[in-house]
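Please read the structure below before turning to the comments.
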Amino acid sequence: MKDIAIIGYGQTKFGELWESSFRELLVDSGVKAIENAKVDGDDIDAMYVGTMSGGLFVGQEHTASLIADYAGLNPIPCTRVEAACASGSLALRSACMSIAAGQHDVVLVGGVEKMTDVADPTGAIATASDQEWEAFVGATFPSLYAMMAKRYMYEYGLTLEQLSTWSSIAHENAVNNKYAQFRSKVSVEQVMRASPVADPLTLLHCSPVSDGAASMIVCDADKATDYADKDDIIYIKAFTQASDTIALHDRPNMTTLEAAKVASNYAYKMAGVGADKIDVAEVHDCFAINGLVLTEDLGFCKKGTAGKFIEEGNTRIDNDKFVTINPSGGLKAAGHALGATGIRQVGELYWQLKQDKECKDRQSAINNGYGIAANVGGTGGTVCTHLLSVDR
Ligand SMILES: CC(C)(COP(=O)(O)OP(=O)(O)OC[C@H]1O[C@@H](n2cnc3c(N)ncnc32)[C@H](O)[C@@H]1OP(=O)(O)O)[C@@H](O)C(=O)NCCC(=O)NCCS
């Protein structure tokens, strides 16, 4: 299997981007990634695009052809990949597999979603749940994650203050991320008192509805220095995926994401490192409770203790003892343009690990040189993880 390197990354701002169309967003981030990687369009062998539902959000399917055409990359093979909110990381995983197998040398991976054009984004997002057993009876994603939060509070005594601390830290981190949707601080008290969405979740426990795109150039590690400077190369040591039931109620336990455990354990094994060696992580906090659950499922603290772990400040950017989690502001504050999120998470790790100027004022301590991203589809029916390293 060939080693894989990231040699360039680019993204748009996330937010309500009225002035940009679906295709423009992806091409904008793609051009940034190409320029950042110092490759030419002719160097690119293939493209993978992650998007959850161009059809529902902007009435556009056949995304692969659209993007290859609009990006001026015809006739290279372009493949659209879909796994709800994990579409972006699944596109990246597909690109990694194609390089590892020796099929392609240089691949452009993009993720995009344009969510703010539809009148009912909640209904569109709900198509990622089980239609017959969840959406049909009125369950929405905020309500499904609210059930997880309620159960978690019941089982482990998590307080509303602890849950709200997650969002407060996320907003604080996003202040220094110029691409973030929300760059304003919110106190724990403000999170608790925000408008109720689905008890116990308030508006400020939820990720927003976002437009945005992120793109990355990945290549055969043997060819990386043909394009990028040594300091701009970061290696993908593991690219893993696991599946679980699509419906929340079919799981024996709704306070853990089994697929996140399986995918991350496999990633640690593939990379030959443990969770204790990870300097920085980006986890899928579509709702604050998922941030806590993933902090546990990725092995950063014991089951049932994430509330206290977060409250003690152990995951803050300025801690130098434990992992820094979501220095970007996460989905909560940086935004969640569904198909783009998985690539944006890995892009943040790319910047963090090479201590890029893009991370100025939100740089986490890089001691061991490892980062991990966990991107979740639905309530955990799909989870992809990517484990990155500064060393090959
Ligand atoms: C939480 C949610 C329901 C709020 O939607 P809404 O009530 O329609 O909110 P609006 O769009 O009317 O925005 C109202 C205000 O709150 C802000 N806002 C909206 N969502 C926000 C969020 N998640 N966090 C912080 N602020 C938010 C808006 O910017 C706006 O501010 P303004 O008045 O200063 O302009 C919506 O963001 C949502 O559905 N989030 C979850 C998305 C989701 O399920 N993603 C998939 C996860 S699996």
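Only this structure's heavy atoms are used, side chains among them; waters, hydrogens and symmetry mates stay out. In this chain, numbering begins with 1 at the start of the sequence shown. Fair warning: this is a prediction, and the values are worked out from it, not measured in the lab. As the structure lists them, so they are numbered: ligands from 1, and atoms in each ligand from 1.
Residues passing the ring-ring contact (aromatic ring centres under 6.0 Å, His included) test with F22, sequence neighbours excluded: none. D276 is linked by a salt bridge (Lys or Arg N to Asp or Glu O under 4.0 Å) to nothing, counting only residues two or more places apart in sequence or in another chain.
The closest protein non-hydrogen atom to atom 48 (S) of ligand 1 is F141 CD2, 3.8 Å. Of the protein's non-hydrogen atoms, V209 CG2, 4.1 Å is the one closest to atom 36 (C) of ligand 1. Atom 27 (C) of ligand 1 has as its closest protein heavy atom F182 CZ, 3.4 Å. For atom 43 (C) of ligand 1, the closest heavy atom belonging to the protein is I125 CD1, 3.6 Å.
Taking the ring centre of Y70 as origin, the terminal cationic atom of R23 falls inside the region bounded by 6.0 Å and 45° from the ring axis. For K150 and Y154, the positive end is not near the middle of the six-membered ring at less than 6.0 Å and at most 45° from its axis.
Inside a 4.0 Å radius of atom 24 (N) of ligand 1 there is at least one protein heavy atom. Counting protein heavy atoms under 4.0 angstrom from atom 20 (N) of ligand 1 gives one or more. Atom 34 (O) of ligand 1 is not flagged as protein-proximal [any protein heavy atom, distance under 4.0 Å]. Within a 4.0 Å radius of atom 31 (O) of ligand 1, the protein contributes no heavy atom. The nearest protein heavy atom to atom 6 (P) of ligand 1 is not closer than 4.0 Å. The nearest protein heavy atom to atom 16 (O) of ligand 1 is closer than 4.0 Å. For atom 45 (N) of ligand 1, the nearest protein heavy atom is under 4.0 Å away.
Atom numbering of ligand 1 starts at 1 in the shown order; those under 4.0 Å from a heavy atom of F287 are 41 (C), 44 (O), 47 (C).
Under 4.0 Å from ligand 1, heavy atoms of C206 appear from its side chain as well as its backbone. Contacts with ligand 1 closer than 4.0 Å are made by no heavy atom of T379, backbone or side chain.
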Q) Hey, mind stepping through L158 and I289 against side-chain contact (heavy atoms from CB on, under 4.5 Å) and telling me if it holds? A) CA-CA 10 Å; L158 175 77; I289 186 63; 4.0 Å; yes
Q) For K354 and D231, what are the C-alpha separation, side-chain angles and deciding distance, and is it a salt bridge (charged side-chain N to carboxylate O under 4.0 Å, His left out)? A) CA-CA 7 Å; K354 71 190 187 84; D231 292 346; over 6 Å; no
Q. Salt bridge (charged side-chain N to carboxylate O under 4.0 Å, His left out) between K261 and E296: does it pass, once the steps are laid out?
A. CA-CA 9 Å; K261 280 196 200 165; E296 295 168 357; over 6 Å; no
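Residue contact check for ligand 1: K332 places a non-hydrogen atom closer than 4.0 Å to it.
Taking any N or O of S207, backbone or side chain, at least one lies under 3.5 Å from an N or O belonging to ligand 1.
Compare L144, V376, V186, L203 by their heavy atoms: the one nearest to atom 2 (C) of ligand 1 is in L203. Counting only non-hydrogen atoms, the option in L201, L204, V197 that gets closest to atom 3 (C) of ligand 1 is V197.
Of the charged side-chain nitrogens involved, none lies within less than 4.0 Å of a carboxylate oxygen, so that K13 and D28 do not count as a salt-bridged pair.
Of all non-hydrogen atoms in L25 and T12, the two that sit nearest each other are O-CG2, 3.5 Å. In terms of heavy-atom proximity, K114 sits nearest to D211 at NZ-OD2, 3.1 Å.
E172 pairs with exactly one of R183, K185, R316 by the salt bridge (charged side-chain N to carboxylate O under 4.0 Å, His left out) rule, that one being R316.
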